[in-house]
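Below, all heavy atoms of this structure are taken into account, side chains as well, without hydrogens, waters or symmetry copies. Order of listing sets the numbers, starting from 1, for every ligand and every atom in it.
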Amino acid sequence: MAIHESTQSSGNRWENEPNPNILDDREVVTRDWSVESALSKIHHNYAEETDSPVSFFHFLERLKTMKREGWRRKGIMHGESISDHMYRMSILTMLAPASLASRLDLAKCTRMALIHDMAEALVGDITPEDGIPKPEKSRREAETMDYVCNKLLGKFNGGLNARQIREIWQEYEDSKTLESQFVHDIDKIELLLQMVEYEREKGGDTDLGEFLWVSAKIQSAEVKAWTDHLLWERLELWQSFAVPQ
Ligand SMILES: Nc1nc2c(ncn2[C@H]2C[C@H](O)[C@@H](COP(=O)(O)O)O2)c(=O)[nH]1
Ligand SMILES: [Mn+2]
């Protein structure tokens, strides 16, 4: 049973120097990133090249404990985890309105929601503020999914196999199919739901309006309709904050 030892650096030079003002001690914003360098910085005993999926099960724990970075940056220190985000997304995919559900493989959409941010367990939750170029973010995440599917699950032969997991992740990343475009919409409305919920929780002390831009990126009429309802709710919420209690 091979236990992973980190040996090499990625060798990829940094394309655009990120804003040094926002570099912090988080592992995710480093100038040379590789699966090996990321693994060398965490305590793990992931066994590679075995037919047991247990190391992969342990790998998934990181998604349960890692907080979503976008909220943490706004001072929401005990916010949702990455897997919290994917859980609600998976439920939302199951509730696709009939006009959409009749055209989609919903089971694939639910799997895609649960897989799409899996690479963040090693790469971290990169936000638009980090200034990491999209190709670099995609490289890190694709290499992580290769590690998961080739090293941790390479010899596993079960229900959903490693190749299928890797293909579902790539389909979301490529965003060319109806299913992936629907799941991207769900990714955005899930973030907007959480935004309104944190604003409600903070009682008007925290304006998270900077996240509103994602609503303009939602493609399907059905998810747009959900979003309109949510933004109307938000309007009412902020009006209620303006009313002296
Ligand atoms: N500070 C900001 N963070 C943002 C914004 N839009 C998204 N985000 C965060 C939300 C997540 O933490 C992360 C990416 O989420 P994915 O689900 O796409 O992996 O980035 C924003 O406008 N500002
Ligand atoms: Mn996501």
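- With respect to the Mn ion (ligand 2), Asp117 has OD2 as its nearest N, O or S atom.
- Residue contacts with ligand 1: Arg72 is excluded, as none of its non-hydrogen atoms falls under 4.0 Å.
- Ser180 contributes no side-chain N or O that, together with a main-chain N or O of Tyr172, makes up a donor-acceptor pair within less than 3.5 Å.
- For the residue pair Gln170 and Asp174, a side-chain donor N or O sits within less than 3.5 Å of a side-chain acceptor on the partner.
- Annotation: Lys217, atom NZ; neighbour count of heavy atoms from other residues, nucleotides and ligands within 6.0 Å does not exceed 12.
- No side-chain donor-acceptor contact under 3.5 Å links Ser175 to the backbone of Glu171.
- Regarding atom 8 (N) of ligand 1, its nearest protein heavy-atom neighbour is Pro128 CD, 3.6 Å.
- In terms of polar-atom proximity, Trp71 is not counted as a contact of ligand 1, lacking any N or O under 3.5 Å from an N or O of the ligand.
- Restricting Asp187 to its N/O/S atoms, the shortest distance to the Mn ion (ligand 2) is reached by OD1.
- Nearest protein heavy-atom contact of atom 23 (N) of ligand 1 is Glu210 OE2, 2.7 Å.
- The shortest N/O to N/O separation between Asp117 and ligand 1 falls below 3.5 Å.
- Scanning all protein heavy atoms for the shortest distance to atom 22 (O) of ligand 1 gives Trp213 NE1, 2.5 Å.
- At least one heavy atom of Glu69 sits less than 4.0 Å from an atom of ligand 1.
- Side-chain contact between Ser81 and Tyr87 is absent, with no heavy atoms from C-beta onward closer than 4.5 Å.
- The nearest N/O/S atom of His116 to the Mn ion (ligand 2) is NE2.
- Looking at Leu191, Leu212, Leu192, it is Leu191 that brings a heavy atom closest to atom 10 (C) of ligand 1.
- Annotation: side chain of Arg73 is in contact with side chain of Glu69 (closest heavy-atom distance under 4.5 Å).
- For ligand 1, the atoms lying closer than 4.0 Å to a non-hydrogen atom of Glu129 are 1 (N).
- Contact annotation: the side chain of Glu222 never approaches that of Trp226 to less than 4.5 Å [non-hydrogen atoms, C-beta and beyond].
- In the vicinity of Lys74, heavy-atom distances shorter than 4.0 Å reach the ligand 1 atoms 1 (N).
- Counting the atoms of ligand 1 from 1 in the order shown, those under 4.0 Å from a heavy atom of Ile126 are 13 (C), 14 (C), 20 (O).
- A 4.5 Å side-chain heavy-atom check between Met86 and Ile82 finds at least one atom pair inside the cut-off.
- Of all atoms in ligand 1, numbered sequentially from 1 with element shown, those under 4.0 Å from a heavy atom of Thr127 are 3 (N), 20 (O).
- Regarding atom 16 (P) of ligand 1, its nearest protein heavy-atom neighbour is Arg68 NH1, 3.5 Å.
- When only non-hydrogen protein atoms are considered, atom 12 (O) of ligand 1 lies nearest to Asp125 OD2, 2.5 Å.
- Within the 4.5 Å cutoff, the side chain of Phe156 has no heavy atoms near those of the Leu160 side chain.
- No side-chain heavy atom of Ile189 sits under 4.5 Å from any side-chain heavy atom of Val214.
- Within 6.0 Å of NZ on Lys188 lie more than 12 heavy atoms contributed by other residues, nucleotides or ligands.
- In Tyr198, the OH atom is crowded: over 12 heavy atoms of neighbouring residues, nucleotides or ligands sit closer than 6.0 Å.
- With hydrogens left out, the protein atom closest to atom 18 (O) of ligand 1 is Asp187 OD2, 3.6 Å, a heavy atom.
- The closest protein non-hydrogen atom to atom 19 (O) of ligand 1 is Glu120 OE2, 2.8 Å.
- Between Gly70 and ligand 1, at least one pair of N/O atoms sits closer than 3.5 Å.
- Scanning the protein for heavy atoms near atom 3 (N) of ligand 1, the closest one is Phe211 CE2, 3.5 Å.
- The structure places CG of Leu104 at 10.0 Å from OG1 of Thr93, a figure rounded to the nearest 0.5 Å.
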